[in-house]
A.B. asks: 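Below are the structure tokens for one structure; questions will follow.
Chain naming here is simple, since letters A, B, ... match the order of the sequence lines and numbering starts at 1 in each.
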Amino acid sequence: MEALLSVWYGRHGRDLPWRTTRDPYAILVSEVMAQQTQVERVVPRWERWLERWPTADALAAASPGEVITEWQGLGYNRRALNLHRAAQHIAAHGWPDDLTELPGVGRYTADAVACFAFGRDVLPEDVNVRRVTDRTGATFSPAAAQALMDLGATVCLARIPRCGICPLAEGCPSRGRRYEPLRKQGPLEGSFRQRRAQALRAVVAGEQPSDEEAVTALARDGLVHVRDGLVSLPSAP
DNA sequence: GTCCCGTGTG
DNA sequence: CACACGGGAC
């Protein structure tokens, strides 16, 4: 199966700039950004980010407010803060042996950095990789990691897989199957999550948000500071 | 109008 | 273990 996958990857693999670097900081940034945002959208933002903060030291020296501002539009603002804190940890103590010690870095991201940057022999398992391995029943080496992620993201989709264009369809025991949604979720429109994000965008724009409830939640996560009823981006490192 | 996605927290 | 977290994809 891995040979078929490799041929497909050569023709249909995504051309992502961080796949040509081994810089662990650059890879960490790409992984954190791409965890919740389509990779095509991430590419220009990743390039801008590395121009502005080319190293973990440079990012660590920025203020949290600058980092939050640069992050806008990449989703889940807490991740920006975690990435900043991770850079400060790296700047102060170097790269830890156990990468999950870094804030915002769990099993998947730790394995991705270990594999792609440090050349460790581990297969980072995101849900794309897990879907393909579960459905095909095949096993793959860490060399197939990028190909598995692309196949899972573009062909072996969560609910309605595109088996008609899948290089592994022949002999796949799950071929043609459809799947129920894994999570239940209400609409984003009008949700508290959206209000939070709107309130933070207002602060980034230099305005005072009117949504006090959202501000309280943002302050609890350290995304804003409130003093004398005035809301600002966090400036202290 | 609803789901996806990894991590942290209650 | 369930849930919060964003915004484009579907």
A.B. asks: Quick one: label A:Arg201 by what it contacts on the DNA or RNA (base, sugar-phosphate, nothing), any heavy atom closer than 4.0 Å.
C.D. replies: sugar-phosphate

A.B. asks: Rounded off to whole Å, could you give me the CG-to-P distance for the A:Asp221 and C:dC5 pair?
C.D. replies: 8 Å

A.B. asks: Show the nearest heavy-atom pair for residues A:Pro54 and A:Ala58, with the distance to one decimal.
C.D. replies: CD-CB, 3.8 Å

A.B. asks: Would you mind reading off the distance between A:Leu218 atom CG and C:dC5 atom P, rounded to a whole angstrom?
C.D. replies: 9 Å

A.B. asks: Measure from CG on A:Leu200 to P on C:dC5 and round the result to the nearest Å.
C.D. replies: 13 Å

A.B. asks: Could you tell me whether a side-chain N or O of A:Arg162 sits under 3.5 Å from a main-chain N or O of A:Thr154, the two making a donor and an acceptor?
C.D. replies: yes

A.B. asks: Produce a footprint string for nucleotides 2-9 of chain B: one letter per nucleotide, 5' end first; B if the base is under 4.0 Å from any protein heavy atom, S if only the sugar-phosphate is, - if neither.
C.D. replies: BBBBBSS-

A.B. asks: Is it the case that A:Arg135 places NZ or CZ above or below the six-membered ring of A:Tyr179, under 6.0 angstrom from the centre and within 45 degrees of the axis?
C.D. replies: yes

A.B. asks: Please report, rounded to the nearest Å, how far the P atom of C:dC3 is from the CZ atom of A:Phe192.
C.D. replies: 17 Å

A.B. asks: Report the distance from atom CD1 of A:Ile68 to atom P of C:dC5, rounded to the nearest whole Å.
C.D. replies: 15 Å

A.B. asks: Hey, which of these two, A:Leu223 or A:Ile160, hits DNA chain C nearer its 5' end, going by closest nucleotide?
C.D. replies: A:Leu223

A.B. asks: Can you name the closest pair of heavy atoms from A:Ala91 and A:Asp57 and give their distance?
C.D. replies: CB-OD1, 3.3 Å

A.B. asks: When the distance from CZ of A:Arg195 to P of C:dG7 is rounded to whole Å, what number comes out?
C.D. replies: 15 Å

A.B. asks: Would you say CG of A:Asp98 has more than 12 non-hydrogen atoms from neighbouring residues, nucleotides or ligands within 6.0 angstrom?
C.D. replies: yes

A.B. asks: Write down the atom of A:Arg131, the atom of A:Leu157, and the distance for their closest heavy-atom approach.
C.D. replies: NE-C, 3.7 Å

